[in-house]
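Chain naming here is simple, since letters A, B, ... match the order of the sequence lines and numbering starts at 1 in each.
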Amino acid sequence: GTGSGAAPEGALRAAFGQPVTDLDPYKANTAVDEATLIVKRLVFDTLVRREGEKLAPGLARSWERTSPTTWVFHLRPGVRFHDGSRLTARDVVACLKRTKSVESAQTPLWEPVVSATADDAHTVTFTTSVPLGALPVNLTLLFIVPARLAADPAQSRSPVGSGPFRVAGFTPSTTVELERNDSYWGGRARLPAVSLPFVAETSSAITALRNGDLDLLWPIPPDQLAEVEGAGGVRVETVPSWTYYFSWFNCSRKPFGDPAVRRAMWQAVDVAGLVRELFGAGAERMTAPIPSTVLGHRAQQPYAYDPAAARRALRDAGFPRGFRTSLMWFDATGPLARELAQAMISAWSEVGVEVEPQSIEKAQWLERLNTLDWDMNLQTNTVTTGDAGFSVGRLYTSKANRLGYANPALDAVLAKADRAADEDERSRLYGDACKTLWDDAVGIFPATLVTAYGLRRGLTGFTPAANNQPELADVARR
Amino acid sequence: MTRFLLRRTGQALIVAWGAISLVFVIVRVVPGDPAALILGPDASPAQTASVRADFGLDRPLAQQYVTHLGEVVRGDFGDSWRLGGSAMANTLDRYPATLTLAVLALVLTLAVGFPLGMACARRAGGVLDACVSALSLVGQALPSFWVGIVLILLFARGLNWLPSTAGSGLASAVLPAVTLAVPFVGWLARLVRNGALEEGGREYVRTARAKGTGEGVLQYVHVGRNIAVPVVTVLGLLLGNFVANAVIVEVVFSWPGIGSLMVDAITNRDYAVVEAAIVTITVTYIVLNLLVDALYFALDPRLTPENA
Amino acid sequence: MSVEARDGALLKVEGLHAGYVHRVGLARHRVPAVAGVDLAVPAARTVGVVGESGCGKTTLARAVVGLRAPFSGRVEFAGRDLGTVSRRERRRLARELQMVFQDPFTALNPRMTVAELIAEGWRIHRGTVAPADQAAETARLLGLVGLGSEHAERRPHELSGGQCQRVSIARALALGPRLIVCDEAVSALDVSVQAQILNLLADLQEELGVSYLFISHDLDVVRHLAHEVVVMYVGTVVESGPTDEVFRNPQHPYTRALLSAVPSLRDRPGLPSREIPLHGDVPSPATPPSGCRFRTRCRLATEHCARETPPLVPRPGVGHPVACHYADGAGTTAYPAGNGS
Amino acid sequence: MSAPALEAPARARRRTPRRTWIALGVLALFVLAGLLGPVLHPYDAVATDLPSRLLPPGSRTEDGSLAWLGTDQLGRDLLANVLAGSRVSLVVGLATVVLGGAAGLLVGLVSGYFGGWPDAVLSRIGDVQLAFPSILLAILLAGVLGPSLTNIVITLAVTRWVIFARVVRASALSARELEYVNSARLLGAGHLRILLRHVLPSCWQPLLVAGTVQVGLTMVAEASLSFLGLGVPVDEASWGATVSLGRDYLGSAWWISTVPALALALVVLCVGAVGDAFRDASDPRAQL
Amino acid sequence: MTTAHESPAAEVRDLHIAFGSGRDGTDVVRGVSLALHRGRVLALVGESGSGKSLTSLAFMGLLPAGARVASGSVRVEGADTGEFTPRQWRAVRGTRIAMVFQDPASALNPAFTVGWQIAEPFRRRLGDSRARAREKAVALMETVGIPEPERRYHAHPHEFSGGMRQRAVVAMALALEPAVLLADEPTTALDVTVQAQILRLLAERQRAAGLAMLLVSHDLGVVARLAQEVAVVYAGRIVEQGDLDTVYAAPAHPYTRGLMDAVPEAAAGEPRLRSIAGHPPDPGRVPDGCAFHPRCAFATARCTTERPLLRTLADGRRAACHHAESVLAGTAPGGPYGGSDL
Ligand SMILES: Nc1ncnc2c1ncn2[C@@H]1O[C@H](COP(=O)(O)OP(=O)(O)OP(=O)(O)O)[C@@H](O)[C@H]1O
Ligand SMILES: Nc1ncnc2c1ncn2[C@@H]1O[C@H](COP(=O)(O)OP(=O)(O)OP(=O)(O)O)[C@@H](O)[C@H]1O
Ligand SMILES: [Mg+2]
Ligand SMILES: [Mg+2]
């Protein structure tokens, strides 16, 4: 496919800020890739779906927990894959097996799942090694394909699923063309086709939206919002997202082993002002180490901007003249990442802490992140599942050792939350974790991004999604 | 002629081998581990090691190199971890798009630059000449991404004449091709102008004038034919340059060519694709050079493979 | 002059083959532009070399001075074989063997002043002239070639062609050479200036005893200056001998044709031409004809000429060596002597 | 060959045209700006002033000072930024050309003067480099070396040296055949003397011309590296970086990207005009 | 001396050619008058830089960029070309007046076949068909002595020898049957043997077509083979003009005399050549009075201040020398400038 593959008549042309590279649902590198997930949700089905804050039946009509470590899922009958074959429990079993065999970012999610068995054509039993309350949530990430295709390399380009759309054309990193699956069990999508081009440059993308070459564009960077809002024929919808900025301290390195220093660093930054001036309506100030819309969020008392106090605290900690350190990030991690980093560095220099800005490539950033070879690290993270387990539960355990921070008490709380089946219970436990992390100031949590979707007027049925993965099957044109 | 071609092909093979080795070494020296990119931030060392082993990255570099050369000879650069499928197939998928852009840019450069240069030569030292020589410098002085974006804002957003992104067929190619051509139109015009002036001072022109030949025929036939050789040379190089340096323009215009593929592959340490793409570009360049050499003989009767 | 060769020649060239190498792929093709030339230049004498364009005169000159390595043959200068002497010795010999080039402008580095150009040799061969004496010596040399000391600080582009050629000569003289190879040294000059330079060369020979290997396509000039003449055709010598004799009684058909073609002040439009026309083109040295190389254009040529290469030897009835099977001493077309005779 | 082909002595040298003087003047201004700017109107890459961000030219900033050219996306004064950037950009351009030129000179001289296998080897290396897309080489090298001014210079120099080497090689090759080089050889001059006294001087001028062209192109290439995220370190300001980082604002705050782009274009234009003058000074035919 | 009474086929009168403009301009040709008559060959001789080529180019309206006719007139078949538009010039070139240049190697366009170049005027000027033009070209090639013209029609110039190329150039010049032929150093680039052939060809064509011809040369021998009349230029001025026999037998101008004496042929048997001291002046720095006086053995004080006019002598020739009579008489020179080597 070259660039001349024009979208079919009536297609929804929607551009997301990152490229889709591979459609194989079990590819390691796209396991939690937002762009890919957008497409996968249109092409594949999962047993469980997320609808707003709630979990809803997908391919599984219902499920129950038959013991702390066993779950039984009842599949919807009569579902057919795009190639006409029937979906059975054997397919689900094969898919779980496949996903467990691939080393990927999802691996930790599936580690406790010991096995899945097909009891009959439409019943699957999952057995876990430890009680795993998050299993239904995790299953929103397990895409079901025909068993015989689970390990087929052709799935990368022309995958077969059972979702509302099938893949009509795909050029990696360039464009995905989807056409409606007319025999979808959940009812036909409202538009005949969806075209998802990737437009790297912000200016081109906004121009295309304004000119009507695109119907939908997201996320629109905060600084470019005005260019879209002012344009005729375009409206903007926003939603607080599950994506947030944080700036970790490497607690295993001096002087960040000392919580007092970490807190002083936080106090030195006028987070409220910074978020307001820099992001405007594009972000919200955070009150916990996870976005407020995520399950498990509990609001904390923000650190007040007080450079004098920060300086005092630094003096007390043994740094009367401040110290030198560095902050690393990669520019593409989020909108205005560079500016955010520079603004914080500017603030820190006011209290005598000289921070070397290290804007590096993503590949290098990852390598250093994984080897804990950094002083401070600025990045975004998305709570893909909308559940604190995905971020708090994953990132801050002593075992994960992501930022040189080890707190046995926190480990215990998190382990407990992981096992709890009851949502309120888990929510409470994660709330406790939030408090510990906030008080220990393992990092600065400045802002949750507000995703801005630019739409051509005339699109209906669109609901902005917090996880950047809106339900495109519901969109229609007036 | 055969001998000449053999020799040039031999040289070309050496160059290709050099390029392959260079890219092999350099992509592996660049810090950043594909395994880390594949697995993301949650990877355990064991996972990383297993992925590295899958890609053969755990073996000594020399051994990898030998294996790699063996594969390359068979045209196999391995699979792309990022895009799936063979790296070469991915590259060749994107190749036509880049070529389209490059050829269009070349046609634009030639169609504007050549007559412009001839016009400048006719009135050397005139206003047009001064403008073109200034423009040729300015054209090269502006970063192409800036030119590209300004063109988008003017012609796509402001006037809405042309699309800003790929996907609308040849219309989409216009702005990126113009962006590619901008630095070279003035440059070619200057080249043609200087060539025409130099040739215009030669005796055969005076001879032709003495025969009563008109100025138009003189310029476009007598002189034009003689500057064809240098012009063809630079056009060959230019096409190679367009293919190789479409990178930025492709990124700006989301053009699904080999350049944007390569940037993506480099950022993501997709070694196989980087290698396949660079080798493709290098081979294109080499083949173009060979073609240009062959054209020489067609255009300049004085040249023979022996004295070239 | 004690080390001079037995027969007293300062320069001896024997069986010299020299030329160019074309590389085609891995193969190398030799183009022997000079193919077996023998000649000798005695001390304080001038030997002229004449021949049509492309016959190998320049190649010969360059092979003699060592700018081009010969394929084979000997170049012996002052009793030493230039092919075998050590590098150091060769560089020392450079002082005695100099060359004056055709184009006086390109032979002088445009960035250097006349004084620097002349002194360059002394800088290279330290100890020849002490730095303190160089200015005086430069002035002396300039005087010798008829330039004033006001020219010392000029650069070549500030001089006329004739003046540049004088500087070239002064530069060649600076190291006290015994032989100067002149390749078309006056061809680029106007007659009036050419006459000045020719006179200068003659004077220098008289005063300093320099020898010249004087290469020119201008037969009149060679006739005037050279004691002996060598006529070349496609890399080989076809005739050689004392100038007067060769010009008055040319034996080789090529020499005759060449001489007959020279325009003379006494020609007139209506007058019958003495010219012996030559037809066809000069063969390429890469693919010379078999036997006598001139046979393709020679009216006298026979089968024999194609089979056998005529040696360059004195013929019965001819005072000098001629490479023609049919040279018999009966010169048919004598070269018209000058106005007076 | 032809007797009357020689020209008469010395034609008077052409006077330097006015536009060369203008170009030199503008360049001098920029150099001065690069030298004095940071003193008179200091730029602090670290100090941000968020309330004053994206102010158009001529606005008053939060602290009451006048931002002649407006402010950037972090509220820093664009004039100060451009002044500071002129230094970095000019230094990058010049240093690259000096480094690449030196390497090219050496390689070109050796390969042009000596010929033979050194030439064959060096030429093939150059071929490889030319066949290898230079921007990608730059990306890769910049990745290997990491972000710093020195490394950018090295990266760009590595992608440029061949151009200089080719230019020098061509001159050395033809100089080697010049009659006056032969004449020096006949005087017994050694290779070193011939190279330094006779061959090198005729390489300077084409090298200088190539150099002036490349100074401009290098500055543009630096901008391209910035575009690809491999430009100067965050705490330095260069025109290229500012043009690149401001590009997303071309639709809303055009001045951020446009002002340094125009500065860049102006400098390249002037450098080019000076380069043309170098060329004309030596080639009477180009004077037309 | 001109004997024909008919009007000249082409002439220049008091021609001044200057480089540059206004006060910076230097006159390089300074008042040359020449008339070319049908059936006759006029030779223009002089040293390098004396303005020979510019004069001949002025006839064709082909002065190089920067040069212009400062004053005087150029007439071709009676028409004053001063008023000519470029179109009129083009109409005249080739058909009325044609030119043969010095270096046949560069006078031919290397990119086209020789035949194409010879046939070009037929096609473009006469509108002949391709086949017809080709036929004519081949015939013309035959006429100028190019063997195997059919085959050589398709050859490129580089495949021709020097003599063959010059024949082709002559063919091109003669293609449209001009009345006037200008030959600027037509044999200087050639070997003596080839030179002889080309001179023969030119003489033959000139006689056959009754051409008026201007032969520019610095070689007095070449001139002797072709011309009936000779004009000697020095520093942009004609210093002597007359029948070739008259002038050659006894030059009346010291410069002509010096020139003839400097020819080696003239010095046969003498150990030294008689050279002219000094060298020609730069166009911008021509001495006052007689331009030749610094090099002249006959020069007197008068020569340094008063420019001698070209005057007719008793034998009908014209010379621009105050002392022409003494030169002819061979009287010893007397002036203070005698023999000074400047
Ligand atoms: N660089 C070269 N490569 C190959 N062949 C050459 C080269 N230079 C000269 N030749 C050939 O060598 C032959 C002799 O050339 P050379 O220059 O010695 O002749 P010449 O007698 O000096 O001629 P001229 O009178 O034109 O100077 C010619 O056939 C020429 O074509
Ligand atoms: N393009 C030019 N610019 C300036 N002066 C020029 C130019 N061309 C020629 N001249 C000058 O004009 C004068 C006459 O030139 P012209 O070519 O007519 O001389 P010529 O007698 O034909 O000499 P030659 O024998 O060298 O051909 C010379 O002094 C020369 O320096
Ligand atoms: Mg020669
Ligand atoms: Mg001339």
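- Within the 4.5 angstrom heavy-atom criterion, only side-chain atoms of D/Ile139, from C-beta onward, approach chain B.
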Please test B/Leu22 against D/Leu140 for side-chain contact (heavy atoms from CB on, under 4.5 Å), starting from the C-alpha separation and ending with a verdict.
CA-CA 11 Å; B/Leu22 184 61; D/Leu140 289 169; over 6 Å; no
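- You'll find the side chain of D/Ile125 stays beyond 4.5 Å of the side chain of B/Ile14, heavy atoms only.
- Considering all non-hydrogen atoms of both residues, B/Ile248 and D/Ser224 come closest at CD1-CB, 3.3 Å.
- Contacts of B/Arg190 with chain D are made by side-chain atoms alone, with heavy-atom separations under 4.5 Å and no backbone atom involved.
- Across every non-hydrogen atom of D/Ala131 and B/Val15, the tightest pair is CB-CG1, 4.0 Å.
- In terms of non-hydrogen atom pairs under 4.5 Å with chain B, the most contact-rich of D/Val268, D/Val144, D/Leu217 is D/Val144.
- At a threshold of 4.5 Å between non-hydrogen side-chain atoms, the residues D/Leu136 and B/Val274 do not count as touching.
- Interatomic distance, B/Ile281 CD1 to D/Phe132 CZ, rounded to the nearest 0.5 Å: 9.0 Å.
- By a heavy-atom distance cut of under 4.5 Å, B/Leu137, B/Val138, B/Gln140, B/Ala141, B/Leu142, B/Pro143, B/Phe145, B/Trp146 are the residues of residues 136-148 of chain B near chain D, going up by number.
- For the residue pair B/Ala19 and D/Val128, the shortest heavy atom distance occurs at N-CG1, 3.6 Å.
- Taking each heavy atom of B/Val30 and D/Gly143 in turn, the nearest pair found is CG1-C, 4.0 Å.
- Counting heavy-atom pairs closer than 4.5 Å to chain D, the top-ranked of the candidates B/Asn241, B/Val27, B/Val23 is B/Val23.
- Most heavy-atom pairs under 4.5 Å with chain B: of the set D/Gly216, D/Ser257, D/Ser226, D/Gly251, this distinction falls to D/Ser257.
- If you tally non-hydrogen atom pairs under 4.5 Å between each of D/Ala261, D/Gly272, D/Gly240 and chain B, the highest count goes to D/Ala261.
- Interface summary for chain B: among D/Asp127, D/Leu250, D/Leu262, D/Leu264, the most heavy-atom pairs under 4.5 angstrom belong to D/Leu250.
- For D/Ser134, the parts lying near chain B are the backbone and the side chain together; criterion is any non-hydrogen pair under 4.5 Å.
- Only the backbone of D/Ala273 comes within contact range of chain B, with at least one heavy atom under 4.5 Å from a heavy atom of that chain.
- Both the backbone and the side chain of B/Val29 come within contact range of chain D, each with at least one heavy atom under 4.5 Å from a heavy atom of that chain.
- Annotation: maximal heavy-atom pairing with chain B below 4.5 Å, among D/Leu266, D/Val271, D/Thr258, occurs at D/Thr258.
- In this structure, the portions of D/Ser244 lying under 4.5 Å from any heavy atom of chain B include both its backbone and its side chain.
- Residue contact with chain B, scored on non-hydrogen atoms closer than 4.5 Å, involves the backbone and the side chain of D/Leu130 alike.
- Proximity to chain D involves both the backbone and the side chain of B/Ile26, based on heavy atoms less than 4.5 angstrom apart.
- Closest of all the heavy-atom pairs between D/Phe227 and B/Val252 is CZ-CG2, 3.6 Å.
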